Student: 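The following block contains the structure, expressed as C-alpha cells.
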Amino acid sequence: MKLLAGLRMCFISLVMCICLSSIGALVNHMSPYGIPLKYEPPPEIGINGIKVPLIDEGQAYKYYSQQGYVFIDSRHVEHFNEGHVPGAIFLPPEDVQERFVEAQPFLMENDTLILYCYGPDCDMAEKVAAFLAQMGYKNFMIMVSGFSAWKSAGLPIESSRR
Amino acid sequence: MSLPIKQISLLARLIIGSLFIYASGYKVFDPADFATSVRNYMILPPGWTNFVAITLPWVELGAGIFLILGILTRPAALLTTSMLAVFLAGLAHAYWIGLDIDCGCFSSAAQSTGKIGLFHFVRDSCLLLISAFIVIFDRGHFSVLRNQPLDV
C-alpha cells in the first residue's frame with residue numbers, strides 16, 4: 001500500500017509540474033517580455049563598439065592553421081594546463097593585465113584574435129576581448145561553443161604542465 | 001514527550017513555501033535574465049535553457065503556494081525537494097569545474113554579487129532536508145482543504 005501511495009504521490013507531482021509548466025509557457029507566450037522557447041545565440045555581439053562575430057568550433061577550426069589568426073584561452077589555469085587549442089595564448093580575465101605583458105609579443109595588432117572559454121555564455125572570453133579592445137586590438141572572434149565543444153568534436157588538443 | 005510533528009511540518013511548509021514563492025519572483029518577471037543564469041551553469045544544452053527559464057519559475061511559484069495553503073502538500077513538497085536536489089547538483093557541478101558565476105538562486109545574476117561558495121551548499125542542503133521532512137511526515141494537517149485525505 002505504501003508503494004502505491006508513493007507512486008500516486010509521484011504521479012500527482014508530475015501532473016502538477018506539467019500543469020504549472022504549461023501555465024508558464026502560456027504566460028510567456030502572451031507576455032510582451034516573453035522569450036523564444038528555444039535559445040539561439042546571437043550571431044555577433046558588440047564589444048567597445050567593435051562587432052565581434054560569434055563562431056562555433058567548426059568555423060574556428062577553419063582558421064586554426066591559418067596565418068594571422070591567434071587563439072586565446074581565457075579559462076582557469078588548471079583547465080588550460082589540462083588541455084587547450086594548440087598554440088593558444090593563455091589570458092584569463094582575473095589577471096589579464098599581468099598576463100598581457102607576457103602575451104603581447106605573440107599578438108600582432110592586425111591579427112584576428114579568436115577567444116574562447118568553457119562554452120556558451122561563460123563571459124570570460126568577452127571580458128578579455130573588452131580588455132584587448134582597450135589595448136588597441138580590433139579584430140576579434142569569439143568561439144562561443146567553447147573548449148568543451150572543440151574537445152567533443154575531436155579537434156586537436158595540446159596540454160601543458162608548466 | 002513526542003515531537004509536535006504537525007506544528008513542525010506546518011513551519012517547514014511555511015519556510016519552504018515562502019522561500020520558493022520569493023525565489024520565483026524575479027524569474028517569473030524576467031525569464032530572459034534567468035535564462036542567462038541557467039546558461040551560466042553550463043549543464044543544459046544552450047537551446048534548452050530558455051524552456052527551463054520559462055517553465056521552472058512557475059513550478060517553483062505553484063509548489064510554494066500549494067505548500068503554504070496545504071493543498072496536495074506532499075506532492076508539492078516532492079516537487080520542491082526534487083528541485084532543491086537538482087539545484088544542489090547544479091551548484092556542485094559549477095563549483096567542481098571552477099565556474100566563476102553567481103548563484104542566480106534568489107536574485108538576478110546581473111544584480112547579485114555573491115559567487116557560489118560553501119554558504120550556498122549549506123543553505124541548499126538545509127532546505128533540502130526541511131523539504132524532505134514535509135514529504136515524509138506531513139499528514140495533511142492545517143490544510144485549507146478539509147476533506148483532503150490525511151494519508152496521501
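Not measured: the values here are computed from a predicted model. Chain identifiers are assigned alphabetically (A, B, ...) following the order of the sequence lines, protein sequences preceding nucleic acid strands; residue numbering begins at 1 within each chain.
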Student: Say whether A:Ile50 and A:Val144 are linked into one hydrophobic cluster, either directly or through other cluster members, by side-chain heavy-atom distances under 4.5 angstrom.
Tutor: yes

Student: With a sphere of 6.0 Å drawn around CG of A:Asn110, does it hold more than 12 non-hydrogen atoms of other residues, nucleotides or ligands?
Tutor: no

Student: Which region of A:Val15, side chain (C-beta onward) or backbone (N, CA, C, O), has a non-hydrogen atom less than 4.5 Å from a non-hydrogen atom of chain B, or is it both or neither?
Tutor: neither

Student: Are there over 12 heavy-atom neighbours, none belonging to B:Phe29, within less than 6.0 Å of that residue's CZ?
Tutor: no

Student: Please find the pair of heavy atoms, one from B:Trp58 and one from A:Ile23, that lie closest to each other, and give the distance.
Tutor: CE3-CG2, 3.8 Å

Student: Could you tell me if the side chain of B:Arg74 sits less than 4.5 Å from the side chain of A:Ile12, heavy atoms only?
Tutor: no

Student: Can you get from A:Tyr116 to A:Ile114 by hopping between Ile, Leu, Val, Met, Phe, Trp and Tyr side chains that sit under 4.5 Å apart?
Tutor: yes

Student: Is there a continuous path of hydrophobic side-chain contacts, each under 4.5 Å between heavy atoms, that joins B:Leu118 to B:Ile116?
Tutor: no

Student: What is the minimum heavy-atom distance between A:Met16 and B:Leu72, and which atoms define it?
Tutor: CE-CB, 3.7 Å

Student: Measure across B:Asn50 and A:Pro36 and return the closest heavy-atom pair with its distance rounded to 0.1 Å.
Tutor: ND2-O, 2.8 Å

Student: Return yes when atom OH of A:Tyr61 has more than 12 non-hydrogen atoms of other residues, nucleotides or ligands closer than 6.0 Å, and no otherwise.
Tutor: no

Student: Please examine the side chains of B:Phe51 and A:Lys38, heavy atoms only from C-beta on, and report whether any two atoms are closer than 4.5 Å.
Tutor: no

Student: Working to the nearest 0.5 Å, report the span between CZ of B:Phe66 and OG of A:Ser13.
Tutor: 11.0 Å

Student: Which region of A:Cys10, side chain (C-beta onward) or backbone (N, CA, C, O), has a non-hydrogen atom less than 4.5 Å from a non-hydrogen atom of chain B, or is it both or neither?
Tutor: both

Student: Which one of B:Val28, B:Thr55, B:Ile54 has the most heavy-atom pairs closer than 4.5 Å to chain A?
Tutor: B:Ile54

Student: For the interface with chain B, which of A:Gly6, A:Ser21, A:Ala25, A:Cys19 has the highest count of heavy-atom pairs at distances below 4.5 Å?
Tutor: A:Ser21

Student: For the residue pair A:Ile35 and B:Ala35, what are the closest heavy atoms and their distance?
Tutor: CD1-CB, 4.3 Å

Student: At what distance, to the nearest 0.5 angstrom, does CG of B:Asp33 lie from OH of A:Tyr33?
Tutor: 14.5 Å

Student: Any idea which heavy atoms bring A:Gly119 and B:Met42 closest together, and the distance?
Tutor: N-SD, 3.7 Å

Student: Quick check: are there more than 12 heavy atoms from other residues, nucleotides or ligands sitting under 6.0 Å from OH of B:Tyr95?
Tutor: no

Student: Do other residues, nucleotides or ligands put more than 12 heavy atoms under 6.0 Å from the CD atom of A:Gln97?
Tutor: no

Student: Same cluster for B:Leu128 and B:Phe119 if Ile/Leu/Val/Met/Phe/Trp/Tyr side chains link at under 4.5 Å?
Tutor: no

Student: Please state whether the side chain, the backbone, both or neither of B:Ala76 comes within less than 4.5 Å of a heavy atom of chain A.
Tutor: both

Student: Are any non-hydrogen side-chain atoms of B:Leu61 and A:Leu20 less than 4.5 angstrom apart?
Tutor: no

Student: Where do B:Pro31 and A:Asn28 come nearest, in terms of heavy atoms and distance?
Tutor: CG-OD1, 4.2 Å

Student: Does atom CZ of B:Phe142 have more than 12 heavy-atom neighbours, drawn from other residues, nucleotides or ligands, at distances under 6.0 Å?
Tutor: yes

